[in-house]
Amino acid sequence: RESGDFVPPPECPVFEPSWEEFQDPLGYIAKIRPIAEKSGICKIRPPGDWQPPFAVEVDSFRFTPRIQRLNELEAETRVKLNYLDRIAKFWEIQGSSLKIPNIERRILDLFSLSKVVIEEGGFDIVSKERRWARVAQKLGYPTGRNIGSLLRSHYERIVYPFEVFHAGASLPQTKPKLYDGEEVDREYKPHSIPLRQSVQPSKMSSYGRRANRLQPDPDPTEEDIEKNPELKKLQIYGAGPKMMGLGLVPRNKSIPKKGNTTHPLPSPLGVSGKSRIRCNLRYDPNGDGPCTKMTMRLRRNLSNPQFVDSFVCRMCGRGDEDEKLLLCDGCDDNYHTFCLLPPLTEAPKGNWRCPKCVAECKRPAEAFGFEQATREYTLQSFGEMADTYKADYFNMPVHMVPTELVEKEFWRLVSSIEEDVTVEYGADIHSKEFGSGFPMNNGKKNLSQEEADYACSGWNLNVMPVLEQSVLCHINADISGMKVPWLYVGMVFSAFCWHIEDHWSYSINYLHWGEPKTWYGVPSVAAERLEEVMKKLTPELFESQPDLLHQLVTIMNPNILMSHGVPVVRTNQCAGEFVITFPRAYHSGFNQGYNFAEAVNFCTADWLPAGRSCIEHYRRLRRYCVFSHEELTCKMAACPEKLDLNLAAATHREMFIIVQEERKLRKGLLERGITEAEREAFELLPDDERQCDNCKTTCFLSALACSNCPERLVCLYHTQDLCSCPTDKLYLRYRYTLDELFAMLHRLKVRAEVFDSWANRVKEALEQEEGNKIEHTVLELLNTVLTDTQNCQQTSTELLNKTQTRRMTLAELKALVEKMENLPCVMSQLEDVQVSVHQDWRRDSAPPEQLQALLEQGAGLPVDAPECELLKGLQEQGRWLGEVRQTLGPEGGVMTLAVLRNLMEVGCNVPQSVSVETAMAELQELLTIAERWEEKAQICLEQRQKHPLSTLEAIVNEAQLIPVKLPNILSLQGCLSRAKAWVNDLEEIQNGEHYPCLDDLEGLVAIGRDLPVRMEELRQLELQVASAHSWRDKASKTFLKKSSQHSLLQVREARGGVCVEKKNCGKGNGDNWFHGGCVPFPSLLPSSSGLPTNPLCWWDWDSRFLCPRCQRSRRPRLETILALLVALQRLPVRLPEGEALQCLTERAITWQGRAKEALDTPEIQGALERLQELKQNQSHREGEEEEDGKKGNCVGSLLPLVPSLKGPVIELSLTTRTQLEELQLEGDLLEVSLDQTITIHRVLQAALEPHRHTLRTLILVRDQETSSFSCVCCISLTSLG
């Protein structure tokens, strides 16, 4: 069952005692026991006026809580985590880190996978019979997606080597086939279990107990050793490190520190030093400097005749293939990489240990328990922490979080192996040390009258265990937690696990203040069934801890227990309420938030048989007892006159069984020939000196000892396990003789039968005509009781038969019921009279027709009868109650807040009665609840703080249980529907065949932002949209010029025409002319600063000109565009600019290929070589060189060279020229910078006469621009192009 499907168990019984019932706590608990113990737990709401003051000294109260990691509490989850710990440790020792794959967007449950494969017969059978699809189905994966083959791959890769290693199977002698680990690793993603394998926990925090087991301690660096004097000492003194794992790790491993360089020694056997020698530096006391582990071993073993044997594989016994021999860092044994299980493809990095040294993987898991936090809290500081934690977790005020939501989230967290939520719980705080929450009459504080009353109340948890009817009052010692209460300070999710009380006693818990505590209970009849289910589902935990359920550290989902036939109930204990747990009733639960509770045990007379059964159970488990059950029973039997009659009778029954059992056991000793005995006052001995060595039971009535073994002792159930000494050395140590025990039993019988004997005396006295007479006072008392009984019987008969002379008032009726309940006899009419008292106001009163007839009759009387006003009031009452019944009834139609308020207003003017007051209270309660939910919905709709979808669903679902139409709830429900539709639309778009368009996603973002719901999908979608805009902005900056009039799409669109009839401004007179000040002109100089290397090579001048309509962008290089496309591939969004950019790139690459092909022809290659020769061979005139040196970078220095320019310098065939001109025209229209366009332009220019006039004009324009002159000349486009 998924944790999100958690179904709350049914509610436990709830009792509301009257003040009279509340006066006798144990009597009331005995009264409700037949009903309550069927559920295991029950809740008691005290009368409204019973509100004890909180007596803890808040300022001085300090405590240290326990640490609880939620997913380690749940039994099945802990088994999975233990398995992951062990398998991670296995792979870590093998030199690899555990990588857990994800399948169907959830982490693969390796433990469940292993378990299912084993159930199906093992890896070989599952693979041979092709059952992997069935394995996938059992693990809950959908069919038809080839998941079975994935599971096989992951199992064979991760789990199978670990399982084979644990099975202890031998390796095959053949060399296994090696695999490409890098290829296999591509499908794996590192698992997301924080604080376990992937994240190193803080060394200062105790929270990382499990995680520290999975992370090897890093070796200290030289820098660490220099800073730490203790490490420095360990490095210097003694023959080697003094702490585990101490080795020097240089800060730069490739550059050894000066003075620490090691020189590898030649191996006498020719063994490769790479696979054996580890660079863990160790101090050699006999040498001049540090040596490696290898050199130390060589020196140690040189004189050993078996020295050669230490260089052979321990698995196959051979020393060949030495380059694949691994040296164990733990025991110095050698192993071939292919002889290991599993085989290794290469030597692992870091330390490596052999199979003998990884035995810790096979060790059972350590006993689980809670850790103490490192911080001490006050109540205020803990409350601030707890409230902040809950508010941040649920993202809403703590008082607004529904209990159902917290409950579902708790069971989801405890079942998750991925989420590692940690909370703190101030549990089992001793009230004797820190002070009770109830007032105490201990003389330490002056109490007010109110506090003194509560200090003496039987419901005060300091008083209840020592009440006269309680068994525990006969134990002298203050047993913390049983006789002395324990305190509990909780926060959200802090939990108490499945357990039963010590000695199967009762327990009572009172919540002083704070948020509710959620309880789960199982009746005693199902206790063994619960234990069987937990042992069946998690046998791994019980193997290492057979008494796990007594450790209070394990929880299991109630739904799982219920599915296996265990009855479970639940309740939410609010502030001011008690929860009672009955003998051997398993219970668990968690806190909804910050609260303060107090609990204690108590035992009544009916508990004695359960207590004896518990001792037998403890004897089988070999568990220590808190106190001796025999001692407690004998102590009560020793003073029978102090016992309540009921307790005396129960003690007599218990004592009889104990004496008979003791008699049988001592008889067995006599039959063995053990006759020696001595009296022992066991109660004066410490408990650890009178415990049975075998079963750990605390002995009291008797024990068997040996004179040769004085330190040993056994109970009479384990006399065979004492020692092997002769029988004459054994002797009985006893507390009472059998005669003394029978005498105690007799006195108990007399006390228990005192009432029966008195009743017999009365009967005999009444039957005697003469002789012994009883006292007059007793007869008067009997006579009074008899008279009261007769009067009650007569009155109740008249009431039930409606024959009384006058009608009784409600107070008189209640007094009659109370009197009948207190009579010492059974009255058959009592139950019927009680029904009359509790008659429901919903039942019809007098018919309206009858009231109307009486009113009409009264109106006809000659006088004003006062009863007429009363009848009118009754008529109004009946009419109003009828409206209320109709409104609240199943056929009442739609009920609104206005209707409720109107009924309340009318009800205030109706003559009051019990029925009216009850109906008003019900209406008020309904109105208050409805208004509270409306307020919650209003807060959610205001969007000040958006709440998750699950939270709003919980609010709406709970509010829908109220039979009132709430506008805000309906609005919230509409928002939820729109949010779900939004999520569905998003999933439909994202799961389509193509990536969604940016416009669609932006529309969804706009809709999602308007909803008062916090959706994780919206945040992710906003990130996607933001990434798309960022990419588009980057692309725009790459292509567009400053203040460009074109969009990105217009710039990139394909153009096939020639640049004709283009004007830049209206100042020119020709169609193909542009003003120099209106368009950017060629720079003439190359892009790098300085003049051309040979200025006479005029074809290398930058004289190309394209009008603004032909060159609309910056024309980035092709490499820049490809980088943009790569970035676009990472975005799950479709952009029209991206598609246009892809089309442009394809055209550019196609053109580039054609251009390269044209330039690679012999004719063009020859022309290019000719141009290169000319560039190198042509010389300058001396005067020009001097002039060039003076003018430097000035464009005007080119002007004197124009007349001397020569051309054409190369010849091209007509076909080649035409081809190049076509390529140039097409390349000039591409918005991409390509080197081939420049090369083609150079070749075509060199094949023409130099345009001296045009070049002179360009030089003048550029020179005038640098001089800040306004250019007024016009340039012909065709003359330059």
Look up atom [atom1] in [X] and atom [atom2] in [Y], then write down how far apart they are to the nearest 0.5 Å.
| X | Y | atom1 | atom2 | value |
| --- | --- | --- | --- | --- |
| Y506 | C603 | OH | SG | 9.0 Å |
| R735 | S628 | CZ | OG | 11.5 Å |
| S436 | I429 | OG | CD1 | 12.0 Å |
| R666 | L732 | CZ | CG | 5.5 Å |
| H617 | H503 | NE2 | NE2 | 12.0 Å |
| Y734 | L669 | OH | CG | 13.5 Å |

Would the number of heavy atoms belonging to other residues, nucleotides or ligands and lying under 6.0 Å from [atom1] of [X] be above 12?
| X | atom1 | answer |
| --- | --- | --- |
| K696 | NZ | yes |
| F656 | CZ | no |
| R663 | CZ | no |
| D688 | CG | yes |
| Y624 | OH | no |

Donor-acceptor contact below 3.5 Å, side chain [X] vs main chain [Y]:
| X | Y | result |
| --- | --- | --- |
| E680 | R733 | no |
| Q573 | E577 | yes |
| R751 | L643 | yes |
| S505 | D502 | yes |
| K635 | H474 | yes |
| W19 | D49 | no |
| Y454 | Q51 | yes |
| Y736 | F742 | no |
| K483 | I475 | yes |
| S470 | P465 | yes |

For E20, what residues pass the salt bridge (charged side-chain N to carboxylate O under 4.0 Å, His left out) criterion, not counting sequence neighbours?
->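 Not a single residue meets the salt bridge (charged side-chain N to carboxylate O under 4.0 Å, His left out) criterion with E20.
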With K667 via salt bridge (charged side-chain N to carboxylate O under 4.0 Å, His left out) - residues at least two apart |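 With sequence neighbours excluded, K667 shows a salt bridge (charged side-chain N to carboxylate O under 4.0 Å, His left out) to no residue whatsoever.
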Candidates Y510, F596, F54 - the one meeting ring-ring contact (aromatic ring centres under 6.0 Å, His included) with F438 =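 Going through Y510, F596, F54 one by one, the ring-ring contact (aromatic ring centres under 6.0 Å, His included) with F438 is satisfied by Y510 alone.
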Is the closest basic N to carboxylate O distance between R690 and E631 below 4.0 Å?
->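 Salt bridge between R690 and E631, a charged N being under 4.0 Å from a carboxylate O: yes.
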Decide, yes or no, whether a salt bridge links R619 with E616 under the criterion of side-chain N to carboxylate O below 4.0 Å.
->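 Salt bridge flag = no for E616 with R619.
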Flag the pair D788 / K819 as yes when at least one side-chain heavy-atom distance between them is below 4.5 Å, and no otherwise.
->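 With C-beta onward as the side chain, the pair touches.
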R612 vs T633 side-chain heavy atoms within contact, under 4.5 Å =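 Side chain of R612 against side chain of T633, heavy atoms only: no contact under 4.5 Å found.
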Please find the pair of heavy atoms, one from [X] and one from [Y], that lie closest to each other, and give the distance.
| X | Y | answer |
| --- | --- | --- |
| C692 | H718 | SG-ND1, 3.9 Å |
| E501 | N601 | OE1-ND2, 3.0 Å |
| F578 | L461 | CE2-CD2, 4.1 Å |
| G435 | L487 | O-CD1, 3.1 Å |
| W607 | V471 | CZ3-CG1, 4.0 Å |
| A597 | N509 | CB-OD1, 3.7 Å |

What residues form a ring pair (Phe, Tyr, Trp, His ring centres under 6.0 Å) with H652, not counting sequence neighbours?
->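 Once residues adjacent in sequence are excluded, H652 has no partner under the ring pair (Phe, Tyr, Trp, His ring centres under 6.0 Å) criterion.
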Per-pair distances, 0.1 Å, donor-acceptor, side chain in residues 697-704, under 3.5 Å, sequence neighbours excluded:
| residue | atom | partner | partner atom | Å |
| --- | --- | --- | --- | --- |
| S702 | OG | E662 | OE1 | 3.4 |
| S702 | OG | E662 | OE2 | 2.5 |

Decide whether [X] and [Y] meet the rule of one side-chain donor and one side-chain acceptor closer than 3.5 Å.
| X | Y | value |
| --- | --- | --- |
| N460 | N462 | yes |
| D606 | T604 | yes |
| D453 | Q449 | yes |

Does the pair H587 and W498 meet the rule for a ring pair (Phe, Tyr, Trp, His ring centres under 6.0 Å), with working shown?
-> CA-CA 5 Å; H587 51 281; W498 285 113; 8.2 Å; no
Show the numbers, then the answer: is there a ring pair (Phe, Tyr, Trp, His ring centres under 6.0 Å) between Y618 and W504?
-> CA-CA 11 Å; Y618 283 1; W504 297 356; 7.2 Å; no
Show the atom names and distances, to 0.1 Å, of all donor-acceptor pairs under 3.5 Å that link a side chain in residues 28-39 to residues at least two apart or in another chain.
| residue | atom | partner | partner atom | Å |
| --- | --- | --- | --- | --- |
| K31 | NZ | E21 | OE2 | 2.8 |
| R33 | NH1 | E37 | OE2 | 3.4 |

For V533, side-chain contact (heavy atoms from CB on, under 4.5 Å) partners two or more places apart =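 Result, side-chain contact (heavy atoms from CB on, under 4.5 Å) vs V533: R529, L537, L561, H564, V566.
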Check the pair E740 / R679 against salt bridge (charged side-chain N to carboxylate O under 4.0 Å, His left out), numbers first and verdict last.
-> CA-CA 12 Å; E740 290 171 338; R679 187 184 292 270; 3.2 Å; yes
